[in-house]
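Below is one structure; the comments refer to it alone.
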Amino acid sequence: MKLTPHVVNDVMSWLNQKYGLTLPLLPLAGWSRSVVALWQKAVNKLPDDAPLPQSIDVEGDWQPLSGSRFTVTQIRIVIRQSDTTGSTPSITRGTQDD
């Protein structure tokens, strides 16, 4: 039996269902092809009901600018509790090793 790999879109869907969020889901009409490609990338696991924080690795490289030589090689989705109720979500950027 062949298992269907889970993708970033599945993680976003889980977060929407679990926490009542409205994160965008495929088909992402009107979004750039590179973002659609990111939502289609495989992940190493789905989140579960374990305590937060949880970390999910996105498999493979991603090229955010089509045709560019710039490639993101390590992508991780980190799910953690907000420091304050109703706070604006923050995006943290990792450092890139040369």
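Note that the coordinates shown come from a computational prediction; the quantities given were computed from them, not determined experimentally.
- Between Thr71 and Trp62, the closest side-chain pair of non-hydrogen atoms is not below 4.5 Å.
- Classified by interplanar angle (parallel below 30°, tilted 30° to 60°, perpendicular above 60°), the ring pair Trp31/Trp39 is tilted.
- Placement of Ile77 and Trp14 within a single hydrophobic cluster is found when ILVMFWY residues are connected by side-chain heavy-atom separations under 4.5 Å, directly or transitively.
- No single ILVMFWY cluster, assembled from side-chain heavy atoms under 4.5 Å apart, contains both Val58 and Leu65.
- With Gln54 contributing its side chain and Asp48 its backbone, the two residues share a donor-acceptor pair below 3.5 Å.
- In this structure, Lys45 does not pair ionically with Asp57, as no charged nitrogen and carboxylate oxygen lie closer than 4.0 Å.
- Considering every non-hydrogen atom in both Val36 and Leu28, the closest pair reads CG2-CB, 3.9 Å.
- What you find for Ser34 and Pro64 is that their closest heavy atoms are OG-O, 2.8 Å.
- To the nearest 0.5 angstrom, Gln81 atom CD is 7.0 Å from Tyr19 atom OH.
- Screening Val43, Leu46, Leu25 against Asp10 for a side-chain contact (heavy atoms from CB on, under 4.5 Å) leaves a single residue, Leu46.
- Closest approach of Thr22 to Asn16, counting heavy atoms only: N-OD1, 3.4 Å.
- Within the model, atoms CG of Leu26 and CD of Gln40 stand 5.5 Å from one another, a figure rounded to the nearest 0.5 Å.
- Nearest heavy atoms, Arg80 versus Pro53: CB-CB, 3.9 Å.
- The main-chain N or O of Pro47 is never found under 3.5 Å from a side-chain atom of Lys18 such that the two would form a donor-acceptor pair.
- Nearest heavy atom pair, residue Ser55 against residue Val78, reads OG-CG2, 4.3 Å.
- At least one side-chain heavy atom of Glu59 sits under 4.5 Å from a side-chain heavy atom of Asn44.
- Ile75 and Val7 are not part of a single hydrophobic cluster, where members link through side-chain heavy atoms under 4.5 Å apart.
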